[in-house]
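Take a look at the structure set out below.
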Amino acid sequence: ARPLPLRRLCVVAAVAVIACIALGGTLAQDRASLAHLAPSHLKGVMSKFGVLQMSIDAYKKVFGGADPFTFECPLPGLGVLANSSAGEPPFCCAAYDALGWPYQFPECLETEKCASCWKASDDANLADHPVASLAGVAWASSLSVYDKAKKKGGFFTSKFKTKLSSLLGGGGVGDSEIKGKRLTASIGSGMSDFDTNLCPRISDWDEVMLNDDSDNIHARVLKSATAKLAVVVFRGTQMTSMKNWQVDADLIRTKLELGDGFGATEVHEGFLNSLKRVLPRVKKWLNGYFGGLYSGIPDDWTVLFTGHSLGGALATLAATLAELEQWDQRPNAVVVFGAPRIADGTLSAWWEARGLCKRLLRINTYNDVIHQMPLKTSWKWWEVAADFMKCAADISACMKKGPTALMGGSASMSFSDRWAHLCGNESETIVQSAVKGVNTHLEDFSAIGGAMAHFIDNCLYGYSFGVLRSGIAAADAFCGISRAVCERAGSPGSEQ
């Protein structure tokens, strides 16, 4: 595993700021030092608002510069404690917890009390879900789309891209090169990461990018002829993309006519408007288009829509519009990870009435704050930006009181009842997160952990940890996913 000081050295700080933006909360005074860390991979966002760069001195003081995902006893950076039990694991486990570190070490499993960190659905119920066999390739695709795509080069490729872009309606459209035709991407192990093959059984992937540059909405189409599988995957929010932040923060609800006696549902305006700019390209790619260049996806193939976070919201809305518009090729399955709520209860009732719920699988970690979003009914991205500046200036105060724009001036959490997940419990599967966080009952509360539980790119916590330890791997009919994805690089938590 190679160290990534610029990307992961400040992982604690990054999730602290994300959590600050997402919900706020309360932390004890002795935990405040953990929240003063500089999110190095958020520098692009902070620079847009002229926010002063923050240092990682507090992190070094607390943990002595050591990897916080590696259990050390006595704790590093705290010196010699005047306690005879300081070198014993139970004492050290309690000390990590007292410092507000939400990650649950394998060494502390016998003494830890975080039941919500390990909460998960029954694997037997997952195995009975009609689209469970596609959850493995959905996870692999949703993680891979965060990696930067490499465009194919050469004169003929350039000509192809120009024609393809014209036929699909412009924007960021192009053929993408996948190394060895395999779904290789970067995955983390604590504070380092490495490249790994996320889908070992398939080695003939082709990929096309279908992007909208105006909102930085990134979609890719993955195809495998041997598996007879087409995957439309939407990328989640990029930390450094203010355009993505604007989409997320546009919580105005807009009407979407459903017909069939349901009238209109009210959906997230930011998601819908951005999706409408990229969706015509997805439709043309699936259905085919004139000019003889492409005939579309064959009828005997399986079509999957997927994504993580914002990408999951877009995938769900895309499936809704494909059904409303009666596309020739509609998704056989929609599998999403940590997707926020997108509409009111009317849309859920419409999905149920049309028998679509059997195609939907929502995979969440119990302590993920984002899949509970939106927390309130309306706020503007510029209000969030102003709050972000305040958080960056004094993160500990933000963590204690919560950002004003998101919390409506209240220090308590507010889960809005104007938004609803589609298909209720029927569509949801919970996987373990290995971190404390934020749930509807506020059990084992950690604002920092609430953001960490949302991450999909780390073997030690969040969605990759949970997926690889759930029945999803056993049900996988396409990729052959397993913990070997992490074990090959010697992940310290691979056996947890």
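Everything numeric here is computed off the predicted structure, so don't read it as measured data. The figures here come from the full heavy-atom set of this structure, side chains too, leaving out hydrogens, waters and symmetry mates.
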(request) Would you check if the side chain of His129 reaches a backbone N or O of Leu360 as a donor-acceptor pair within less than 3.5 Å? (result) yes
(request) Look at Glu269 together with Arg253 and state whether they make a salt bridge at an N to O cut-off of under 4.0 Å. (result) no
(message) Is there a side-chain hydrogen bond (donor to acceptor under 3.5 Å, both in side chains) between Thr184 and Asn197? Walk through the geometry before answering.
(response) CA-CA 4 Å; Thr184 301; Asn197 185 2; 4.6 Å; no
(request) Grab the two heavy atoms, one from Leu304 and one from Leu134, that are nearest each other, plus how far apart they are. (result) CD2-O, 4.0 Å
(request) Determine yes or no for a side-chain-to-main-chain donor-acceptor pair under 3.5 angstrom, with Arg220 supplying the side chain and Val145 the backbone. (result) yes
(request) Test Trp350 against every option in Leu422, Leu256, Asp260 by the side chain to side chain contact (heavy atoms under 4.5 Å, CB included) rule and name the one that passes. (result) Asp260
(request) Give the intermediate values and the outcome of side chain to side chain contact (heavy atoms under 4.5 Å, CB included) for residues Arg330 and Val303. (result) CA-CA 7 Å; Arg330 282 164 268 172; Val303 177; over 6 Å; no
(message) To the closest 0.5 Å, what do you measure between CG (Leu198) and OG (Ser141)?
(response) 8.5 Å
(request) Please report the C-alpha distance between Gln329 and Trp327 in whole Å, then the side-chain angles of each, then the deciding distance to 0.1 Å, and finally whether the side-chain hydrogen bond (donor to acceptor under 3.5 Å, both in side chains) criterion is met. (result) CA-CA 5 Å; Gln329 284 285 6; Trp327 292 9; over 6 Å; no
(message) Is it the case that over 12 heavy atoms from other parts of the model lie below 6.0 angstrom from the CG atom of Asp299?
(response) no
(message) Please check this pair: side chain of Thr196 against backbone of Val485, looking for a donor-acceptor N/O pair closer than 3.5 Å.
(response) yes
(request) Evaluate the side-chain proximity of Lys119 to Gln432: yes if any heavy-atom separation is below 4.5 Å, no if none is. (result) no
(request) Determine yes or no for a side-chain-to-main-chain donor-acceptor pair under 3.5 angstrom, with Ser348 supplying the side chain and Asp344 the backbone. (result) no
(request) Show your reasoning for whether side-chain hydrogen bond (donor to acceptor under 3.5 Å, both in side chains) applies to Ser186 and Asp147. (result) CA-CA 7 Å; Ser186 176; Asp147 264 27; 4.9 Å; no
(request) Among Thr306, Leu126, Val431, find the one that has a side chain to side chain contact (heavy atoms under 4.5 Å, CB included) with Ile363. (result) Val431
(message) A side-chain contact here means heavy atoms from C-beta on lying under 4.5 Å apart; do Leu109 and Trp118 qualify?
(response) yes
(request) State whether the side chain of Asn367 and the backbone N or O of Gly450 hold a donor-acceptor pair below 3.5 Å, judged by distance alone. (result) no
(request) Check for a donor-acceptor pair, side chain of Asp123 on one end and backbone N or O of Gly471 on the other, with a separation under 3.5 Å. (result) yes
(request) Flag the pair His308 / His454 as yes when at least one side-chain heavy-atom distance between them is below 4.5 Å, and no otherwise. (result) yes
(message) Any non-hydrogen side-chain atom of Cys199 less than 4.5 Å from a side-chain atom of Phe478?
(response) no
(message) What's the separation between atom CD1 in Ile202 and atom CG in Leu183, rounded to the nearest 0.5 Å?
(response) 8.5 Å
(request) Write out all pairs satisfying ring-ring contact (aromatic ring centres under 6.0 Å, His included) with one or both partners inside residues 354-374, taking only residues at least two apart or from two chains. (result) His371-His421
(request) Would you mind reporting whether Glu325 and Lys283 have side-chain heavy atoms less than 4.5 Å apart? (result) yes
(request) Measure from the side-chain N and O atoms of Ser309 to the backbone N and O of Gly311, and report whether any donor-acceptor pair falls under 3.5 Å. (result) no
(message) Is there a side-chain contact between Leu210 and Val208 in this structure, where contact means two heavy atoms from C-beta onward sitting under 4.5 Å apart?
(response) yes
(request) Evaluate the ring planes of Phe455 and Tyr461, with Trp represented by its six-membered ring, and classify them as parallel (under 30°), tilted (30 to 60°) or perpendicular (over 60°). (result) tilted
(request) Classify the ring geometry between Phe337 and Tyr463 as parallel (under 30°), tilted (30 to 60°) or perpendicular (over 60°). (result) perpendicular
(request) Indicate, with yes or no, if the rings of His218 and Phe234 have centres closer together than 6.0 Å. (result) no
(request) Answer yes or no: is there a side-chain heavy-atom contact under 4.5 Å between Ile430 and Thr365? (result) no
(message) Using 0.5 Å steps for rounding, measure from the CG atom of Asp444 to the OG atom of Ser116.
(response) 3.5 Å
(request) Look up atom OG in Ser470 and atom CZ in Phe465, then write down how far apart they are to the nearest 0.5 Å. (result) 10.5 Å
(message) Between Asn364 and Thr429 (side chain of the first, backbone of the second, donor and acceptor by atom type, cut-off under 3.5 Å), is there such a pair?
(response) no
(request) Return the minimal non-hydrogen interatomic distance between Gly338 and Asp368, and the atom names on each side. (result) CA-OD2, 3.5 Å
(message) What I want to find out is whether Arg201 reaches Asp476 closely enough, with some N-O distance under 4.0 Å, to be called a salt bridge.
(response) no
(request) Please collect all disulfide (SG to SG under 2.5 Å) contacts where either partner lies in residues 254-283, sequence neighbours excluded, each pair once. (result) none
(request) Kindly indicate, with the supporting measurements, whether the criterion ring-ring contact (aromatic ring centres under 6.0 Å, His included) is fulfilled by Phe105 and Phe69. (result) CA-CA 7 Å; Phe105 293 97; Phe69 295 96; 7.8 Å; no
(message) Are Thr226 and Trp205 packed together at the side-chain level, in the sense that at least one heavy-atom pair is separated by less than 4.5 angstrom?
(response) no
(request) Dump the intermediate steps for side chain to side chain contact (heavy atoms under 4.5 Å, CB included) on Trp351 and Glu323, then the final yes or no. (result) CA-CA 10 Å; Trp351 268 65; Glu323 183 70 18; over 6 Å; no
(request) May I have all residue pairs that pass side chain to side chain donor-acceptor pair (under 3.5 Å) and include part of residues 130-140, sequence neighbours excluded? (result) Trp139-Ser464
(message) Looking at His441 and Glu443, would you say the former's side chain and the latter's main chain have a donor-acceptor pair under 3.5 Å?
(response) no
(request) Measure the CG-CD1 distance between Leu347 and Ile342 for me, rounded to the nearest 0.5 Å. (result) 5.5 Å
(message) Rounded to the nearest 0.5 Å, what separates atom OG1 in Thr302 from atom CG in Asn332?
(response) 5.0 Å
